[in-house]
Amino acid sequence: MIIGLLSLRGGVGRSVLSRALAQKFSAPVYELEVGLPKLWPAEEKEKEVVWGRLSRFKREKCDLCGDCVKQCQFGALSLEGETIKHRGPFCHGCGLCKEICPKKAIELKEYQVGEIVYGTTDGIELFAGRLLRRTPLEGTVIKKLKERFPLPSRAILKAPCGLHGEALSGLKEAEALILVTQPWDRLTEEIKLFGELTQGLGLGGMVIVNQVREEVSVASWCTAYGLFYAGEIPYLPGFQGDLLKAWPEGEAFWDRVRQHLEGGK
Ligand code: SF4
Ligand code: SF4
């Protein structure tokens, strides 16, 4: 089964849960948070550069007509005084500016925009990608990662932070989604949002609440939104990253997660 791991907020334990699920399911992890990957193999076995197209200006040919600025739907261009300002972090390399430029002052050039890697950390197989330039080409890196290292029948996909289109775009192959969260004042809202999301996608959804100091009562909320509540992982003082070792009492929790996912509910 391909499992997608999501969270609305950062720092709630997606990386830790990804590793633990990988160990429990004997599955590799795909780190799709390529803007800022937390999971990267300690032992790299294969690595490749990812190329992507970005626009480049030949300023000497430009007559400042401004057509390209109007054409760019990503806000990557602006006319500032006697020059066209190009903001690389917004450029998707779509090429529309090049097509419209009457002076042929714009070209598309291939740049090294990222890299992908396969390797292991503590025996866990990891496939990861990261951007090497400030560009919005996360999708290019993720696509290359999956092309170069096709998903096996079991895998954990660690999505970027958020419950929106960009975070979900790398999870097309997911057969079930898990929301990882922590106690906070908008937990029920978050569960509602996740429930609506999974229903809209027609996928099964599971909720795990991490770092719990006092019991949270969200099981009925999960049920109301068609979600399976796997339960709570307690706050573990001095926790060092390997959840299975740090929480040996968690066997019943992991059995519940496994039974639910393998039961295909
Ligand atoms: S390539 Fe596309 S995104 Fe980049 S500057 Fe040109 S129009 Fe804008
Ligand atoms: S469309 Fe071409 S000539 Fe006009 S401002 Fe843009 S780069 Fe310059």
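Numbers here simply count residues along the sequence, with the first being 1. Just so it is clear, the values below take in all heavy atoms, side chains as well, and ignore hydrogens, waters and symmetry mates. Whatever order the structure lists ligands and atoms in, that order sets their numbers, starting from 1.
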If every non-hydrogen atom of [X] is compared with every non-hydrogen atom of [Y], which pair is closest and at what distance?
X: Ala159; Y: Leu171; answer: CB-CD1, 3.8 Å
X: Ala155; Y: Leu151; answer: CB-CD2, 4.5 Å
X: Ala230; Y: Ile208; answer: CB-CG1, 3.8 Å

For ligand 2, is any non-hydrogen atom under 4.0 Å from Ile84's backbone (N, CA, C, O), its side chain (CB onward), both, or neither? side chain
Just jot down the ligand 2 atoms closer than 4.0 angstrom to any heavy atom of [X], in number order.
X: Ile106; result: 7 (S)
X: Gly66; result: 4 (Fe), 5 (S)
X: Phe57; result: 7 (S)

Could you label the plane-to-plane angle of the His260 and Phe228 rings as parallel, tilted or perpendicular, counting under 30° as parallel and over 60° as perpendicular? parallel
Mutual orientation of the aromatic rings belonging to Phe74 and His92 [parallel < 30°, tilted 30-60°, perpendicular > 60°]: parallel
Positive for side chain to side chain donor-acceptor pair (under 3.5 Å) with Tyr118, one of Glu125, Lys47, Lys45, Glu46: Glu125
Cys62 backbone or side-chain N/O/S under 2.8 Å from atom 6 (Fe) of ligand 2: no
Residue [X] vicinity, atoms of ligand 1 by number, heavy atom under 4.0 Å:
X: Cys97; answer: 1 (S), 5 (S), 6 (Fe), 7 (S)
X: His92; answer: 3 (S), 4 (Fe)
X: Gly93; answer: 1 (S), 4 (Fe)
X: Phe74; answer: 3 (S)

What is the nearest protein non-hydrogen atom to [atom], stated with its residue, atom name and distance?
atom: atom 2 (Fe) of ligand 1; value: Cys94 SG, 2.3 Å
atom: atom 3 (S) of ligand 2; value: Asp63 OD1, 3.3 Å
atom: atom 8 (Fe) of ligand 1; value: Cys72 SG, 2.4 Å
atom: atom 5 (S) of ligand 1; value: Ser55 OG, 3.5 Å
atom: atom 6 (Fe) of ligand 2; value: Cys68 SG, 2.3 Å

So, Ser78 and Arg87: side-chain donor and acceptor under 3.5 Å apart, yes or no? yes
Given the ring of Tyr235, does Arg213 sit roughly above its face, with NZ or CZ under 6.0 Å from the centre of the six-membered ring and within 45° of the axis? yes
Charged tip of Arg53 within 45° of Tyr111 ring normal and under 6.0 Å: no
Residue-level breakdown please: for Leu77 versus ligand 1, do any non-hydrogen atoms fall below 4.0 Å on the side chain, on the backbone, on both, or on neither? side chain
Can you tell which part of Cys91 has a heavy atom less than 4.0 Å from ligand 1: side chain, backbone, both or neither? both
Are Trp247 and Phe253 an aromatic pair by the rule of ring centers under 6.0 Å? yes
What's the verdict on side-chain hydrogen bond (donor to acceptor under 3.5 Å, both in side chains) for Ser15 and Lys158, showing C-alpha distance, side-chain angles and the deciding distance? CA-CA 7 Å; Ser15 299; Lys158 184 192 156 225; 3.3 Å; yes
Of Cys65, Cys101, Pro102, the one whose closest heavy atom lies nearest atom 4 (Fe) of ligand 2 is Cys65
Closest by any non-hydrogen atom to atom 1 (S) of ligand 1: pick that one out of Ala76, Gly88, Gly95, Pro136. Gly95
